[in-house]
Amino acid sequence: MEQAGGVTLEESEATTSRRVANIMEELFRWTAVKLVDGEHTSDSTRSIRQYNDIVYGMNSGAIVMGRRVDMLVQSGKREVELSSMEIKKPITPPSLIVDQQCKNLRTNGAILSQLQRIGLNRQFDRVVAMDWVGTVGYLYLLVDINNVYFAYQIGVLILPKSCAELRNFDKTLKLLFAYQVKDFR
């Protein structure tokens, strides 16, 4: 919590990302889940782009890259992508927030599609993901219903900015722990 006292509207995206990453790393400390931050590219989005290039004849011969994401949630030795997060600084124009939300929906759609393709001995029909703007985020479920993806907001996440706000942190903690055990059926 020592960081929470210093929250300002002028903080950078890197500072905001670090705040979220610190909590997420603690949440998944004793699990096989790994967080990858720092604008990595998503392999799932690269696979979808390659597929589209082949199927729709858009292959320009250039190297196909995946989308850059603020944070990837991965699991296992094969580093299977489970979801992505977009994180923006507190003062971000609404149009950029919407653009990032749409990008994250598409990225998580690609991740869900990739999970369905590789199977891993189970049927995947959903991905649980997050978006953050400053200390406020939301957890959502992206569900595949008959090959159409629907997004549903599960809840709002609020990181405390001061010790006085800790009493309201319980709802966020409950959502994060439910996310950790994937208790969204």
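This structure is a prediction, so every number in the text was calculated from the model and none was measured. Numbers here are sequence positions counted from 1.
T92 OG1 to E13 CD: the interatomic distance, rounded to the nearest 0.5 Å, is 7.0 Å. To the nearest 0.5 Å, atom CG of residue L27 and atom CD of residue Q180 are 4.5 Å apart.
I97 belongs to a hydrophobic cluster whose remaining members, ordered by chain and number, are V133; membership requires side-chain heavy atoms of ILVMFWY residues under 4.5 Å apart, directly or through intermediates.
With contacts defined as side-chain heavy-atom distances shorter than 4.5 Å, the pair M85/D70 does not qualify. By the 4.5 Å heavy-atom criterion applied to side chains, K88 and Q100 are counted as neighbours. Side chains of D43 and L72 form no contact here, defined as non-hydrogen atoms less than 4.5 Å apart. In this structure the side chain of Y179 never reaches within 4.5 angstrom of the side chain of L157, judged on heavy atoms. Looking at heavy atoms from C-beta onward, M130 lies in side-chain contact with L176 at the 4.5 angstrom threshold. With contacts defined as side-chain heavy-atom distances shorter than 4.5 Å, the pair D144/F150 does not qualify.
The backbone N or O of L35 sits nowhere less than 3.5 Å from a side-chain atom of E25 that would complete a donor-acceptor pair.
Every residue meeting the side-chain hydrogen bond (donor to acceptor under 3.5 Å, both in side chains) condition with K34, not counting sequence neighbours, appears here in chain and number order: E79. For S113, the side-chain hydrogen bond (donor to acceptor under 3.5 Å, both in side chains) criterion is met by R117, not counting sequence neighbours.
Aromatic rings of Y140 and Y138 (six-membered ring for Trp) have centroids within the 6.0 Å cut-off, being under it.
I158 and V128 fall into different hydrophobic clusters, where Ile, Leu, Val, Met, Phe, Trp and Tyr residues are linked whenever their side-chain heavy atoms come under 4.5 Å apart, directly or through other members.
Here the options are T45, T107, N104, the test is side-chain hydrogen bond (donor to acceptor under 3.5 Å, both in side chains), and the partner is S84; only N104 passes.
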